[in-house]
There are 2 protein chains.
Amino acid sequence: MDSAKILSQHNIKPSIIRVMIYDFVKNTKSHPTVDEIYKHLQPMAPTLSRTTVYNSVKLFASSGLFKALSIDGIQIRYDADIGHHGHFRCEECDRVFDFKIHEDAESGLDGFDITKREIFYSGSCIECKSKN
Amino acid sequence: MDSAKILSQHNIKPSIIRVMIYDFVKNTKSHPTVDEIYKHLQPMAPTLSRTTVYNSVKLFASSGLFKALSIDGIQIRYDADIGHHGHFRCEECDRVFDFKIHEDAESGLDGFDITKREIFYSGSCIECKSKN
DNA sequence: TTACAAAATTGTAATAATTACAACTCTGTA
DNA sequence: TACAGAGTTGTAATTATTACAATTTTGTAA
């Protein structure tokens with residue numbers, strides 16, 4: 001669907017920059033950081049400010065369009081795929097891979113209201129592993 | 001077991017401050033941050049430096065004694081419980097709860113070498129939920 | 001005990017991500 | 001065209017973390 005329409009449906013005015021930010025995160029598998037978003041879009045939108053990127057991704061996250069991930073514990077990354085899935089970060093090549101969760105039973109949270117679930121693994125990906 | 005012995009077994013010299021840091025994290029359910037560790041121990045050890053706390057928790061983490069958690073995406077928290085369990089953070093009262101994981105099947109990571117697993121949920125805890 | 005090397009600890013300064021905020025620009029409508 | 005409100009920008013402040021050199025402590029051998 002048209003990105004501008006998606007934003008409108010969430011009561012967010014689809015300004016050019018917002019649509020650009022939304023599209024970039026949506027089409028980028030690696031779940032970019034604010035800095036990566038800024039560096040990628042800045043050549044096309046020379047007056048773009050980092051603050052605008054921060055404002056926009058926070059707005060999207062609070063509207064449920066993005067999930068904020070703390071994959072590496074250093075920077076916050078943004079993911080436009082809202083479905084429940086895990087993230088694996090390879091510590092050698094630094095790439096982030098999505099994976100599916102099949103089952104996920106927990107105990108100790110009876111009566112709790114769970115609104116956000118994040119599954120984060122790390123180690124070596126299959127390519128880096130075979131190099132060693 | 002004696003904390004000093006545990007450190008020794010991991011080839012870490014059990015200096016007084018290191019043992020204090022280890023004990024505090026081990027006995028604190030909330031998985032403290034470096035700042036919380038520092039603020040708690042500083043009155044007892046007036047010359048304590050934040051750098052020492054950073055050095056120590058990093059040392060413990062690299063030796064497998066601690067797990068580094070990025071629970072809130074802002075600060076890194078440390079956990080002396082190495083077993084596989086999840087963390088739930090209540091967004092209202094900011095407390096962190098541990099919970100057990102029963103099953104945990106994933107697909108898409110065949111051939112990957114997984115060295116670290118972190119499960120992080122958030123929402124409202126049972127107490128805050130009943131207040132509303 | 002003394003001397004000395006190695007390890008641990010400390011404090012300051014630098015770095016980097018994020019936030020606060022005031023000024024400026026754009027958009028839509030009367 | 002005028003104006004209000006929303007959006008965007010840039011600078012400065014804040015905060016967590018790291019780098020690093022100086023100082024202190026520890027363990028060991030003379």
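The chains referred to below are lettered A, B, ... by the order of the sequence lines, with proteins before strands, and numbering in each begins at 1.
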Query raised in the report: How close or far is atom P of D:dG7 from atom CG of A:Asn11, stated in whole angstroms?
Result: 11 Å

Report summary line: Rounded to whole Å, the OH-P distance (B:Tyr38 to D:dT17) equals 15 Å

Report summary line: Quick note, B:Ser15 side chain, CB onward, closest among C:dA8, D:dG10, C:dT10 is C:dA8

Requested in this report: Choose from C:dT9, C:dA7, D:dT9 the nucleotide whose nearest atom is closest to any side-chain atom of A:Leu48.
Outcome: D:dT9

Query - nucleotides 14-19 of chain C: protein proximity per nucleotide (B base, S sugar-phosphate only, - neither; heavy atom, under 4.0 Å) - result: ---SBB

Query raised in the report: Would you call A:Leu65 and A:Ile12 a side-chain contact if the rule is heavy atoms closer than 4.5 Å?
Result: yes

Query raised in the report: Between atom NE2 of B:His84 and atom NZ of B:Lys67, what is the distance when rounded to the nearest 0.5 Å?
Result: 7.5 Å

Query raised in the report: Taking the inter-plane angle between the rings of A:Tyr22 and A:Phe66 on a 0 to 90° scale, is it parallel (under 30°), tilted (30 to 60°) or perpendicular (over 60°)?
Result: parallel

Query - Aromatic plane relationship, B:Phe97 with A:Phe112 - under 30° parallel, 30 to 60° tilted, over 60° perpendicular - result: perpendicular

Requested in this report: Among A:Leu48, A:Val25, A:Thr28, find the residue that satisfies the side-chain contact (heavy atoms from CB on, under 4.5 Å) test when tested with A:Ile37.
Outcome: A:Val25

**Report entry** Length of the CD-P vector between B:Gln42 and C:dT9, whole Å
**Finding:** 16 Å

Requested in this report: Measure the distance from CG on A:Asn55 to P on D:dG10 and round it to the nearest whole Å.
Outcome: 13 Å

Query raised in the report: Expressed in angstrom and rounded to an integer, what is the separation of A:Leu41 atom CG from D:dT9 atom C1'?
Result: 16 Å

Requested in this report: Rounded to the nearest angstrom, tell me the gap between atom CD1 in A:Ile17 and atom C1' in C:dC26.
Outcome: 11 Å

Report task. Evaluate the side-chain proximity of A:Tyr121 to A:Phe99: yes if any heavy-atom separation is below 4.5 Å, no if none is. Result -> yes

**Report entry** Rounded distance in Å - CG (A:Leu7) to P (D:dA6)
**Finding:** 17 Å

Report summary line: Tightest non-hydrogen contact, residues B:Lys26 and B:Ala80, listed as CA-CB, 3.7 Å

Requested in this report: Specify the separation, in whole Å, of atom CD1 of B:Ile16 and atom C1' of C:dT10.
Outcome: 16 Å

Requested in this report: Remember a base hit wins even if backbone is also touched, and classify B:Thr47 as base, sugar-phosphate or nothing at under 4.0 Å, heavy atoms.
Outcome: sugar-phosphate

